[in-house]
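Owing to the predicted nature of the structure, the values given are computational and were not obtained by experimental measurement.
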Amino acid sequence: MAAELAGGFRGGEVVLLCGELGAGKTTFVRGLARGLGADPAEVASPTFVLLTSYAGRLTLHHADLYRLKGDGDEGELGLEELPGPRGVLAIEWAERLADLPWERAVRVDLEHAGADARRVTIETGS
């Protein structure tokens, strides 16, 4: 699903990922990487690094806001300057963003739906 979504990206897209622990946010980012021609095996949760980039036909910038307070402290990461015209920005724990500086974004909500199943809701144009 994520690889198919990313296959249509042309650069400048922002993907806001929301969901509880273990809902599949990082797995979704691996799918985005696959769809952008980056190696999905390199994608790991950047919880301690906060921001990682992966080369592909477009650069995938992967941020994880789990450790942030949600009081604007994400401003220190410079996310508002990303993704750029040749990049895509995927943000895990996007509900912790104090502000959304991007005109358009794709919002992906992931929920546990029993066992290994997930419910995925994708909204474009937020």
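- Considering CH2 of W93 and CG of L16, their distance stands at 14.5 Å, rounded to 0.5 Å.
- To the nearest 0.5 Å, atom CG of residue L50 and atom CD of residue E92 are 11.5 Å apart.
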How far apart are the C-alpha atoms of T26 and L17, what are their side-chain angles, what is the distance that settles it, and do they pass the side chain to side chain contact (heavy atoms under 4.5 Å, CB included) test?
CA-CA 9 Å; T26 301; L17 296 146; over 6 Å; no

Between S53 and H61, is a side chain to side chain donor-acceptor pair (under 3.5 Å) present by the stated rule, with each step listed?
CA-CA 4 Å; S53 296; H61 304 283; 2.8 Å; yes

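- Note: E20 CD to L110 CG = 10.0 Å, rounded to the nearest 0.5 Å.
- The closest side-chain heavy-atom distance from D39 to Y54 is not below 4.5 Å.
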List the steps and the verdict of side chain to side chain contact (heavy atoms under 4.5 Å, CB included) for H112 and R118.
CA-CA 5 Å; H112 292 279; R118 301 293 185 270; 3.6 Å; yes

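- Side-chain contact between V29 and L60 is present, with heavy atoms from C-beta onward closer than 4.5 Å.
- Using a 4.5 Å cut-off on side-chain heavy atoms (C-beta onward), L79 and I91 make contact.
- A distance of 6.0 Å separates NE2 in H62 from CG in D64, rounded to the nearest 0.5 Å.
- To the nearest 0.5 Å, the span separating CD on E13 from CG on L32 amounts to 10.5 Å.
- Not a single donor-acceptor pair under 3.5 Å links the side chain of R57 to the backbone N or O of L36.
- Side-chain contact between T59 and R86 is absent, with no heavy atoms from C-beta onward closer than 4.5 Å.
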